[in-house]
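Quick notes on the structure that follows.
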Amino acid sequence: MSMIEPYRGTVYPWHCDHMDHMNVMWYVGKFDEATWNLFAHLGMPPSRMRASNCGMAAVDQRVSYKQELHAGDTVAVRSGVLEVKEKSLRFFHEMRDAATGDISAITQLVAVHMNTVERRSCGLPEDVRAKARELVVSYELPWTA
């Protein structure tokens, strides 16, 4: 199907380290913001998770850094789903320099749906799985090429 754009933002000077480029913690932070917007797009906003005592736990994350970003750069994150299982999603985010279109970083995550009271995995709601299946795309990740 297609990817969505769950995040746009700007690199601020305080995001940069002593080497004058955005520090890795901010790449991960921006990817995290994209993740929560992706979950909301799939029908799992925080309000639904709280009301059903459920949440998502990241159990695996990989990041490939492609090109540095600097203060003042604007970024756009596009996301897609790679795999939908009963209790988990495998998805990715692609961060691009919004001005040039160049890929700056790519991350893949595996997140497990869990009952936050029992602290154990549980099935994703069917409507969420159905919406996630609409976002399944084929994408060549850097570490699988």
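Screening residues 36-45 for side chain to side chain donor-acceptor pair (under 3.5 Å), with sequence neighbours left out, gives D32-W36.
Residues H93 and S79 have side chains in contact (heavy-atom distance under 4.5 Å, counting atoms from C-beta outward).
Rounding to the nearest 0.5 angstrom, the gap separating the OH atom in Y139 from the CD atom in Q108 is 11.0 Å. For the atom pair NZ (K131) and CG (L42), the distance works out to 8.0 Å, reported to the nearest 0.5 Å.
Using modelled atom types, one side-chain atom of N115 and one backbone atom of E118 make a donor-acceptor pair closer than 3.5 Å. Using modelled atom types, one side-chain atom of H70 and one backbone atom of D20 make a donor-acceptor pair closer than 3.5 Å. K30 places a side-chain N or O within 3.5 Å of a backbone atom of T10 that can act as its donor or acceptor partner. At distances below 3.5 Å, at least one donor-acceptor pair connects side-chain atoms of T100 with backbone N or O atoms of D102.
Below 30°, between 30° and 60°, or above 60°: for Y27 and Y65 the angle between ring planes is above 60°, a perpendicular geometry.
Taking a cutoff of 4.0 Å between a charged side-chain nitrogen and a carboxylate oxygen, E126 and R129 qualify as a salt bridge. Ion pairing of D97 with K66 is absent here, as no side-chain N (NZ or NE/NH1/NH2) approaches a carboxylate O to less than 4.0 Å. A salt bridge is absent between E5 and R78; no separation between the charged side-chain nitrogens and carboxylate oxygens falls under 4.0 Å.
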*Just do the salt bridge (Lys or Arg N to Asp or Glu O under 4.0 Å) check on R96 and D73 with the steps written out, would you?*
CA-CA 10 Å; R96 291 181 178 263; D73 290 342; over 6 Å; no
_Applying side-chain contact (heavy atoms from CB on, under 4.5 Å) to V81 and V137, what does each step give before you reach the verdict?_
CA-CA 6 Å; V81 175; V137 296; over 6 Å; no
*Determine, step by step, whether R90 and D60 satisfy the side-chain contact (heavy atoms from CB on, under 4.5 Å) criterion, reporting the C-alpha distance in whole Å, the side-chain angles of both residues, the deciding distance to 0.1 Å, and the verdict.*
CA-CA 9 Å; R90 187 166 63 96; D60 184 51; over 6 Å; no
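In this structure, F91 has its ring center under 6.0 Å from that of F39.
Nearest heavy-atom pair, A71 versus C16, reported as atom, atom and distance to 0.1 Å: N-SG, 3.6 Å. Residues C122 and C54 share a closest heavy-atom pair of SG-SG, 4.0 Å.
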